[in-house]
Amino acid sequence: MQSIKSYIQDNKDRFLNELIDLLKIPSISADSAYKGDVLKTADAIKISLEKAGCDHVEICETEGYPIVYGEKIIDKNLPTVLVYGHYDVQPPDPLDLWNSPPFEPVIQKTDLHPEGAIFARGACDDKGQMYMHVKALEYMTSNNELPCNVKFMIEGEEEVGSVNLAKFVAANREKLTNDVILISDTGMIAKDVPSITTGLRGLSYVEVEVTGPNRDLHSGLYGGAVANPINVLTKMIASLHDENNHITIPGFYDKVENLSDAERAEMAKAPFSLDAYKKSLDINAVYGEEGYSTNERNSIRPTLDVNGIWGGYTGEGAKTVIASKAYAKISMRLVPNQDWEEITDLFKNHFESIAPNGVTVKVIPHHGGQGYVTPIDSVGYRAASKAYEATFGKTPIPQRSGGSIPIVALFEKELKSKTILMGFGLDSDAIHSPNEHFGVWNYLKGIETIPWFYKYFTDSFK
């Protein structure tokens, strides 16, 4: 394993160029116009896994986009690591806020990344982090350092809710049998502060539609006499939080896990500068639920946010109109014990109940998933901790994340396996936003660290 640093240095340019080629393909799963590109990306992943050393790779069709499955089985008596990742990406909008085209990757130096960062949609989420595992496998197979069996399951629908993954996992339990699941779709506290994500929030995503009159109306002739769906929708949304930014949906907090003071004190030990946080976002104050710190608000507390809102005239100039309809997309990040389907029903019932006379309301559930907490005393966690210690020279901090990877809870239910979340991204990487990027140092550090996980995990079975 000592040769891995020199192997990475010798192949650094190739590793970067291969990732750049992958990032050039606009694999946007949310937009059917890019179907061909999503399928092209699946083919590229298949070829990459074959070149990296997998003995068997196949593209598994689903009702949506395919799942790329690969494996390298060296001895059935040895433990098996299942690597999960996704090759689809978020839409790049708004395009005018990108400093360079989202699918024309460039490497640029920044204050945080003096060695350069790759700017492109999907650079960190999740092509860059997924591809670290492919290159780690390449190193291990090329140098006879693979100590156990490995399987890959790379999907193309994560950004739209992993619509068909549950069916695939349920139908392929034997194929996917493993001793631990390894995912890099999260981040770490800082380049010099490694961390392992131990908790993920769940998700409920809905769309709402408010309908008033049967057509758009002249605001002079009808204004003040007919309910305006946009006005109504904004009032309804505003009522979903009280003056302490507490969510007002009845029953919403009934099953929320409340951490002890001791657990909250441990969380508070993680390095965090509120001033730096505000500066990085160009805001003069933070905002959120009363009684909780910023890091608690974005990790151990549930949230409700409007992700998009529209209706009426939004073109150039003026048009005095009362729109017939108004719409919004709303997501709720959930904590362990909150069931996303139950929360969706609570939202639907409440939102419909607060609609005033004069409008009708429709709530359309989109997708969701459960939250997840992984123990820090498992064999997999200890192996990951040792791996970070080997390459960073310090023990990683366990950290709960505010993000959601709904399939993690699914994996434990269907495959009876614990998941280890070894992320190498940073909060500043702008995932889901314009100018998404992934540090070159982070990318290469991931490739260096992952093989150590295999070593320490396998050693624990001896």
Side-chain angles (χ1 to χ4, degrees), residues 5 8-9 11-26 85 89-133 135 159 184-197 270-284 286 294-295 298 388 391-394 396-397 399 401-403 422-450:
K5 285 188 176 182
I8 291 172
Q9 189 58 41
N11 294 278
K12 173 183 175 180
D13 291 343
R14 177 170 61 84
F15 286 177
L16 289 170
N17 288 333
E18 288 178 8
L19 175 56
I20 285 171
D21 286 342
L22 196 62
L23 292 169
K24 289 179 180 178
I25 311 173
V89 302
Q90 282 273 323
D93 309 75
L95 293 173
D96 60 331
L97 295 183
W98 284 79
N99 294 331
S100 57
F103 297 106
E104 295 178 19
V106 295
I107 296 178
Q108 296 178 343
K109 294 181 179 180
T110 70
D111 291 342
L112 192 58
H113 299 288
E115 71 291 328
I118 307 169
F119 283 75
R121 173 57 86 229
C124 179
D125 180 22
D126 180 46
K127 286 180 178 176
Q129 297 213 69
M130 173 271 294
Y131 206 65
M132 296 183 311
H133 290 272
K135 295 297 96 179
E159 299 293 7
S184 294
D185 196 11
T186 53
M188 57 185 185
I189 294 173
K191 288 173 70 174
D192 60 344
V193 185
S195 57
I196 301 174
T197 300
F272 178 73
S273 167
L274 185 59
D275 287 339
Y277 183 84
K278 292 187 291 186
K279 183 178 180 181
S280 71
L281 299 174
D282 197 19
I283 56 176
N284 60 14
V286 292
T294 297
N295 281 341
N298 64 24
Y388 281 99
T391 59
F392 284 81
K394 57 180 70 175
I397 297 172
Q399 182 190 37
S401 169
M422 293 181 66
F424 293 85
L426 300 174
D427 286 347
S428 56
D429 287 341
I431 63 171
H432 292 207
S433 302
N435 300 312
E436 177 182 352
H437 56 281
F438 191 32
V440 170
W441 184 91
N442 301 69
Y443 173 55
L444 299 178
K445 200 68 174 178
I447 298 171
E448 178 188 347
T449 306
I450 290 165

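Each residue takes its place number in the sequence, starting with 1.
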Which atom of [X] lies closest to which atom of [Y], heavy atoms considered:
X    : Y    : answer
G85  : D126 : CA-OD2, 3.5 Å
D125 : E436 : N-OE2, 2.9 Å
P105 : K24  : CD-CG, 3.6 Å
K127 : V89  : CE-CG1, 3.9 Å
T197 : G187 : OG1-O, 3.8 Å
F103 : P92  : CE1-CG, 3.9 Å

Just wondering, more than 12 heavy atoms not from [X] lying within 6.0 Å of its [atom1]?
X    : atom1 : value
N435 : CG    : yes
D96  : CG    : yes
K5   : NZ    : no

For a quick check under 3.5 Å, do N11 and R14 share a side-chain donor-acceptor pair by atom type?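 Present: a donor and an acceptor within the cut-off.
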Looking at side-chain heavy atoms only, is the closest gap between [X] and [Y] below 4.5 Å?
X    : Y    : result
Q129 : Y443 : no
D192 : K394 : yes
P102 : L95  : yes
W441 : E115 : yes
Q399 : I189 : yes
P271 : I397 : yes

Is the positively charged end of K445 above the ring of F424, judged by distance under 6.0 angstrom from the centroid and angle within 45° of the axis?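 No cation-pi geometry.
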Going by side chain to side chain donor-acceptor pair (under 3.5 Å), name the residues that satisfy it together with T391, two or more places apart in sequence or in a different chain.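 Residues passing side chain to side chain donor-acceptor pair (under 3.5 Å) with T391: T449.
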Report the distance from atom [atom1] of [X] to atom [atom2] of [Y], rounding to the nearest 0.5 Å.
X    : Y    : atom1 : atom2 : result
H437 : D429 : NE2   : CG    : 4.5 Å
D275 : Y277 : CG    : OH    : 13.0 Å
D21  : Y131 : CG    : OH    : 8.5 Å
T110 : L112 : OG1   : CG    : 5.5 Å
L23  : F119 : CG    : CZ    : 12.5 Å
S428 : D111 : OG    : CG    : 11.0 Å

The single option from K191, E448, M188 passing side chain to side chain contact (heavy atoms under 4.5 Å, CB included) against F392: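 So the option named by the test is M188.
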Please determine which of V440, I118, L426, I107 meets the side chain to side chain contact (heavy atoms under 4.5 Å, CB included) test together with H113.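 The option that passes is L426.
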Kindly indicate, with the supporting measurements, whether the criterion side chain to side chain contact (heavy atoms under 4.5 Å, CB included) is fulfilled by S184 and M130. CA-CA 6 Å; S184 294; M130 173 271 294; over 6 Å; no
Starting from the C-alpha separation in whole Å, work towards a yes-or-no answer on side chain to side chain contact (heavy atoms under 4.5 Å, CB included) for L444 and K12. CA-CA 8 Å; L444 299 178; K12 173 183 175 180; 3.9 Å; yes
Output yes when E104 and R121 qualify as a salt bridge under the 4.0 Å nitrogen-oxygen rule, no when they do not.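 A salt bridge is absent here (no side-chain N lies under 4.0 Å from a carboxylate O).
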Please evaluate residues H133 and I447 with respect to the criterion side chain to side chain contact (heavy atoms under 4.5 Å, CB included), reporting the C-alpha separation (whole Å), side-chain torsions for both, the decisive distance (0.1 Å), and the verdict. CA-CA 7 Å; H133 290 272; I447 298 171; over 6 Å; no
Could you go through M422 and Y388, starting from their C-alpha distance and side-chain angles, then the distance that decides it, and tell me whether this counts as side chain to side chain contact (heavy atoms under 4.5 Å, CB included)? CA-CA 9 Å; M422 293 181 66; Y388 281 99; 3.5 Å; yes
